[in-house]
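To find a chain, count down the sequence lines: A is the first, B the second, and so on, and within it residues start at 1.
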Amino acid sequence: MASTAQARIKSISYAKYGYIFILPFFLVYCFFQIWPLINTFILSFQGNASTTGEWVGFDNYSTILFGNGGRSAAAIASDFREALLNTVILWVGNFIPQILLSLLLAVWFTDSKLHIPGKGFFKVVMYLPNIITAVSVAALFMQLISNQKTSAFNGWLLNHGHDAIEFEGGMTYASSPGWSRGIVMFIQTWMWFGNTMIMMMSGILGINPSLFEAASIDGATSGQTLRKVTLPLLRPMVVYTLITSMIGGLQMFDIPYLYHTDRASLNEHLRTAAIFVYENFHVANMKQVKYGYSGAASVILFIITVILGIIVFRMNRDEDEHRKKKERKALVKEAKAQAKLARQGGVL
Amino acid sequence: MENVGVSQNYMLKQRIKSAIYFVICVIITLICLVPIYLLIVNATHSHNELIQTPVSLIPGGNIVPNVKAIVTQYTNWNVWRGYANSLIIAGGSTILTVFFSAMTAYGLTVYDFRIRDGAYTFILAVMMIPIQVTSTGFVQFMVGTLGLANSFIPLIVPAIAAPAIVFYMRQYMKSSFPLDIVEAARIDGCNEFRTFISIAIPMMKPAIAVQAIFAFVQNWNNYYTQNMILLSKAERFTMPMMIQKVLRVDKNINLGAQYAAVMLSIVPIVVIYVCLSKFIVGGVALGGVKE
C-alpha cells in the first residue's frame, strides 16, 4: 500500500506549489520596491517644482554633478558635492575607530588563554546602544551635549563659570565643523561598535581552532598569532563588514539629520547624501517638491551601491555550488567538443 | 624546578594581561551605559533641579510628575497615541515579515521548479538595495499617485518582502529542515499549505524568533520611512516622530518632561533586550545590513 502511495506521490508534480509559495514575496517586492526604483529613474529625467512631470533628459544630472544651468544650479551642485563629502568624512570617521575597537575586543573575548570575567555581560552591554531608536539616541545626546544652554554639558560649563560652547556649530562657529562632526562620529561609533564586534567574534570563532593550537605549540606570542593567523584568516569578514558598512554609510540619515536644535540651523557639515535626497522630495509645499534632483541623486547613490553590492554578492554566493556549476559547465563543453570531434571522424 | 618557574611566570603574565583588559572593558561598558544612566536619572528630576544641576548621578523623586507632564505639556500631540501607532506598525510588520519570509524560504527549499535558482539569485542580488535609493520613487508613487499619505499601508505591507530575512531563513532550512518530513506528510495525506503551517513553521521556531526580534526592533526604531509617509495627521504620528516634536518645542520648556519622554521611548526596548539578549546577541552575526 505504502509503496503505491509513494509512487503516486512521486508522479505528482509539486512545482506549481513552489510558484504559489514565492508569489506573495515577488508581488509585494515588485509593487513596493521594483516599481519605486524604476519610478526613481523616471523621475530623475523629469523636471522639478513647476516643471514636475516634464521630460528634461539629463538636465538634473548635469545640474547636481556639474552645476550647469545658472547660479541656482551651481548652488545645488555644490550642495550635492558637499553632501557626498560629508558622507565620506562621517563614514570614515566612524568606521575606523569602530573596526579597530571591535577587532581588539573580539580578539580579547575569543582568546582562550585570557580569563576576562563577565565576558557575556560585556557583550550584552556593548551591543545595547545598537538596539535603541536612533531618534532617541539623537535626543539623548542632544539633551547631554548641544547648542542649548540647558543641555547637560553646557549647563555644567555655565555653572562653573565657563562660556557655553556651540557644539552643533552655529553662527559663531560656522567655519569649524569639528565639534558637530566629531560628536556625530562618536554617536555612530557608540551605536555600531558592538554590532561589528559580534560579527568579528563570529568570524574568529569560525577559524579552525587547531591553527591557534599549532601556533601556540610552535611558541608564537599572542601578537604573532594575531598578525600571522587571526588577521589574515579574518580578512574576508573584515572586507564584508567594510562593504556592508559602506552601503550603510551611504544611507546615513538619522543621527546627522537629528543632531541640531532647530530646523533652520540644520548643520551644513552634517548634511549627508541621504539628507540631500530627503530634503528635495520632503517639502511642506507640494508645488516646490524637487523629485528630479532627488531622483538623480538617488540614482547616483544606487549606482555606487550596486558596485559595492556586487562585491558582497560574490562573497555571499555559495562558493562550493558556484565551483560545481563551473565544473559542470566545463564538463559539458568538453563532452560537446569531443562529440564534435567524433562526428568529424577525427582522432585525438 | 625551572619549568615550574617559567609556567608560573607565564600564568602571572596572562593574569596581569587579563586584569588590564578587564579594566578597559569596564571603561568601555561605562561609556555605553553612562549616557543612558544620565538620561534616566535626569528623567527623575524636576525642571528647576535640572537647571541648577544639569549633570547628577543621584536619582530624584520627580518621575511621576514628569511623565504626567508629557501629556499635559504637549496638548497638540498625544504622546501615548505615538507609542500605540509604533506598536501597531512594528507588530504588524513583524508578523508579515516572518510569516511570508518563512513561506518564501519554504517554497525555495522544498520545491523544485524552473525559476527557483533564478528567484533565489534575484533575492541575493537585491538584498543590499537600501530604501534610501528608492525613496524618491516610493514617496512619489505612494503619496503622489496612490494618495496614501498618512496611511499605515505603505509602512506595513512592504514588510511581506524582506530579502535578507528570506536569505537567512533559507540558510536555516537548508541546515536543519529534513525534506523527508514533507514527503512523510504527503503520504499521510497532508496538503502542502498544512504541511507548511503545522510542520515547517513549528520546526523553524528558533529562526523565526530571532528574526522576529530583529524585525520588531528595526520597525519600532524606523524613522526615515515613517517620516516620509505620515505627513500631516498628528494622530498617526509614531513614537520616534513624537520624540522629535517634543524636543522641538521652544515655548515653556519642561526639561524633566523631555527627558521622561525620551526615557519612555528607550525603556521598553531595553527591557525586551535584557530579557532576550541571548537570542539577540547570538543572532547578530547571522546577517542583516548595518550602518
Side-chain angles (χ1 to χ4, degrees), chain A residues 5 9 14-15 17-18 21-22 24-25 28-29 32-33 36-37 39-40 43 108 113-116 122-129 131-136 139-140 144 150 152 155-156 192 195 198-199 202 244-245 247-248 251 253-254 274 281 291 294-295 298 301-302 305 309 312-313 316, chain B residues 14 17-18 21-22 25 28-29 32-33 35 38-39 54-55 100 103-104 106-108 111 113 116 119 124-125 128-130 132-141 157-158 160-161 186-187 192 217 221 223-224 228 240 243-244 247 255 259 262 265-266 269 273 277 281 284-285 289-291:
Chain A
I9 278 163
Y14 287 96
Y17 289 104
F21 271 86
I22 67 167
F25 178 96
V28 171
Y29 198 82
F32 287 101
Q33 297 286 329
L37 183 62
N39 199 18
T40 304
L43 289 169
W108 290 354
K113 279 181 284 181
L114 297 171
H115 300 283
I116 302 173
F122 286 135
K123 264 195 285 181
V124 168
V125 172
M126 287 171 188
Y127 186 67
L128 175 67
I131 55 132
I132 299 175
T133 317
V135 176
S136 299
L140 164 61
L144 297 175
T150 49
W156 184 84
W192 286 99
N195 187 303
I198 292 170
M199 301 280 287
S202 81
T244 47
S245 165
I247 294 174
Q251 315 166 35
F253 177 83
D254 290 358
F281 72 69
Y291 285 132
S294 73
S298 297
L301 289 184
F302 175 72
T305 308
V312 176
F313 176 63
N316 247 345
Chain B
Q14 290 298 333
K17 243 191 195 169
S18 302
Y21 293 168
F22 178 75
C25 287
I28 295 171
T29 306
C32 287
L33 288 179
L38 281 180
L39 172 83
V55 185
F100 283 99
M103 191 165 145
T104 314
Y106 184 84
L108 288 172
Y111 302 103
F113 51 104
R116 181 175 76 168
L124 277 186
M128 288 291 167
I129 298 179
Q132 273 80 351
V133 302
T134 60
S135 53
T136 308
F138 186 75
V139 167
Q140 198 271 343
F141 182 48
V157 179
I160 289 173
R186 278 175 193 159
I187 291 170
E192 298 302 308
V217 169
N221 290 348
Y223 171 72
Y224 188 78
M228 293 185 324
I243 299 293
Q244 259 317 89
L247 294 178
L255 282 178
Y259 280 113
V262 178
S265 73
I266 291 178
I269 214 92
Y273 174 68
S277 59
V281 172
V284 174
V289 184
K290 52 200 294 315
E291 244 172 73

Grab the two heavy atoms, one from B:Cys25 and one from A:Met126, that are nearest each other, plus how far apart they are.
O-CE, 4.0 Å
Less than 4.5 Å apart, side chain to side chain, heavy atoms only: is that true for A:Leu128 and B:Cys32?
no
Any side-chain heavy atom of B:Phe113 sitting closer than 4.5 Å to one from A:Ile22?
yes
Ranked by heavy-atom pairs below 4.5 Å to chain B, first place among A:Leu37, A:Thr305, A:Asn39 goes to A:Asn39
Interatomic spacing from CD1 in B:Ile266 to CD1 in A:Ile131 - rounded to 0.5 Å:
9.5 Å
Angle class for the B:Tyr273/A:Tyr127 ring planes (parallel below 30°, perpendicular above 60°, tilted otherwise)?
tilted
What's the separation between atom OH in A:Tyr29 and atom OG1 in B:Thr104, rounded to the nearest 0.5 Å?
12.5 Å
N/O donor-acceptor pair under 3.5 Å between B:Asn221 side chain and A:Ala134 backbone:
no
If only side-chain N and O atoms count, and only distance matters, is there a donor-acceptor pair under 3.5 Å linking B:Ser265 with A:Thr133?
no
So for B:Leu38, is it side chain, backbone, both, or neither that comes closer than 4.5 Å to the heavy atoms of chain A?
side chain
Looking at B:Lys17, B:Glu192, B:Gln14, B:Arg116, which has the largest count of heavy-atom pairs under 4.5 Å with chain A?
B:Glu192
Go through it in stages, so that I can follow the logic: the residues are A:Gln251 and B:Tyr224, the test is side chain to side chain contact (heavy atoms under 4.5 Å, CB included), and I'd like the CA-CA distance, side-chain angles, deciding distance and then a yes or no.
CA-CA 10 Å; A:Gln251 315 166 35; B:Tyr224 188 78; over 6 Å; no
Report the option among A:Phe302, A:Trp156, A:Tyr17 that has the most heavy-atom pairs separated by less than 4.5 Å from atoms of chain B.
A:Tyr17
For the student: nearest non-hydrogen atoms of B:Val133 and A:Ser298, plus distance
O-CB, 3.4 Å
Gap separating the CG atom of B:Leu39 from the CG atom of A:Leu144, nearest 0.5 angstrom:
7.0 Å
Ring pair (Phe, Tyr, Trp, His ring centres under 6.0 Å) filter on B:Phe138, not counting sequence neighbours, yields none
Heavy-atom distance under 4.5 Å to chain B: side chain of A:Leu43, backbone, both or neither?
side chain
Under 4.5 Å from a heavy atom of chain A, the part of B:Phe141 involved
both
When you measure from the side chain of A:Thr40 to the backbone of B:Gly137, do you find a donor-acceptor pair of N or O atoms at a distance under 3.5 Å?
yes
Grab the two heavy atoms, one from B:Pro158 and one from A:Val28, that are nearest each other, plus how far apart they are.
CA-CG1, 3.9 Å
Need one label for A:Pro129: side chain, backbone, both or neither, based on atoms under 4.5 Å from any heavy atom in chain B.
side chain
Scored by heavy-atom pairs under 4.5 Å with chain A, the best of B:Gly107, B:Pro240, B:Ala161 is B:Ala161
In terms of heavy-atom pairs under 4.5 Å with chain A, the winner among B:Tyr21, B:Tyr223, B:Tyr106 is B:Tyr21
So which of A:Trp108, A:Tyr291, A:Phe32 has the biggest tally of heavy-atom pairs under 4.5 Å with chain B?
A:Trp108
Using non-hydrogen atoms only, which part of B:Val217 is less than 4.5 Å away from chain A: side chain, backbone, both, or neither?
side chain
